[in-house]
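Starting from 1, each residue takes its place in the sequence as its number.
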Amino acid sequence: MAFTIKKSAELNQQAGAVIDHAQLIDVRAFLLHAEVLDIEASGELQQIKSLETTMGIGREMGNLTYHFEHEIVLKGDQGKDAVKLQVHLGALFEFPAEDEPGGDVTEDSLVAFGQTSAQLAVHPYLRVAVSDLTARLGCPPVTLALLKR
């Protein structure tokens, strides 16, 4: 089952002002952390059914930075908390400065872009991190579902 981004015409319209001028430069990991909470329960991990994301936005000169924080607790045998993951990823976009053509956008547009396009750009990196971290703990690798609009 895929994770979905809340769909609203208003959100997509607001993001459009940023989409027209933003160019993805880089995606980086800021924090990758994993720990086993219950060794016995970690032998059989359940799929992640919901994903909570905290987003931060920075803007400097001709760049936009989006920071996505994910704190995930994976359930194991008998629904016990088995593994805890922390994955913080950043996406850097080239974007016109506020005084340049196309750079004068509202804060709502920047947030809408982060909740849609920027999050879609970062999600494959999150999927790799979750699979890699669970495998490195000696657990069955967990594959996150796709993120769709």
Point to revise | Sub-4.5 Å side-chain heavy-atom contact between D38 and D81 | key: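 No, every pair of side-chain atoms sits at 4.5 Å or beyond.
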Is it true that, when you exclude [X] itself, more than 12 heavy atoms of the residues, nucleotides or ligands shown sit nearer than 6.0 Å to its [atom1]?
{"X": "E35", "atom1": "CD", "answer": "yes"}
{"X": "D104", "atom1": "CG", "answer": "no"}
{"X": "E44", "atom1": "CD", "answer": "no"}
{"X": "E94", "atom1": "CD", "answer": "no"}

Interatomic spacing from [atom1] in [X] to [atom2] in [Y] - rounded to 0.5 Å:
{"X": "L74", "Y": "L37", "atom1": "CG", "atom2": "CG", "result": "9.0 Å"}
{"X": "D108", "Y": "Q13", "atom1": "CG", "atom2": "CD", "result": "12.0 Å"}
{"X": "E69", "Y": "E52", "atom1": "CD", "atom2": "CD", "result": "13.0 Å"}

Return a table of donor-acceptor pairs under 3.5 angstrom between the side chains of residues 21-32 and protein atoms on other chains or two or more places apart.
from: D26; atom 1: OD2; to: R28; atom 2: NE; distance (Å): 2.5
from: D26; atom 1: OD2; to: R28; atom 2: NH2; distance (Å): 3.1

Review point. H88 and H70: aromatic ring centres closer than 6.0 Å?
Key: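 Distance test on ring centres: not under 6.0 Å, no.
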Point to revise | ILVMFWY cluster membership beyond M61 - transitive side-chain contacts under 4.5 angstrom | key: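 None; M61 is a cluster of one.
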Point to revise | Closest approach of P96 to R59 (non-hydrogen atoms, all atoms of both residues) | key: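 It is O-NH2, 2.9 Å.
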Exercise for review: Check for a donor-acceptor pair, side chain of S109 on one end and backbone N or O of V105 on the other, with a separation under 3.5 Å.
Suggested key: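 Such a contact is absent between S109 side chain and V105 backbone.
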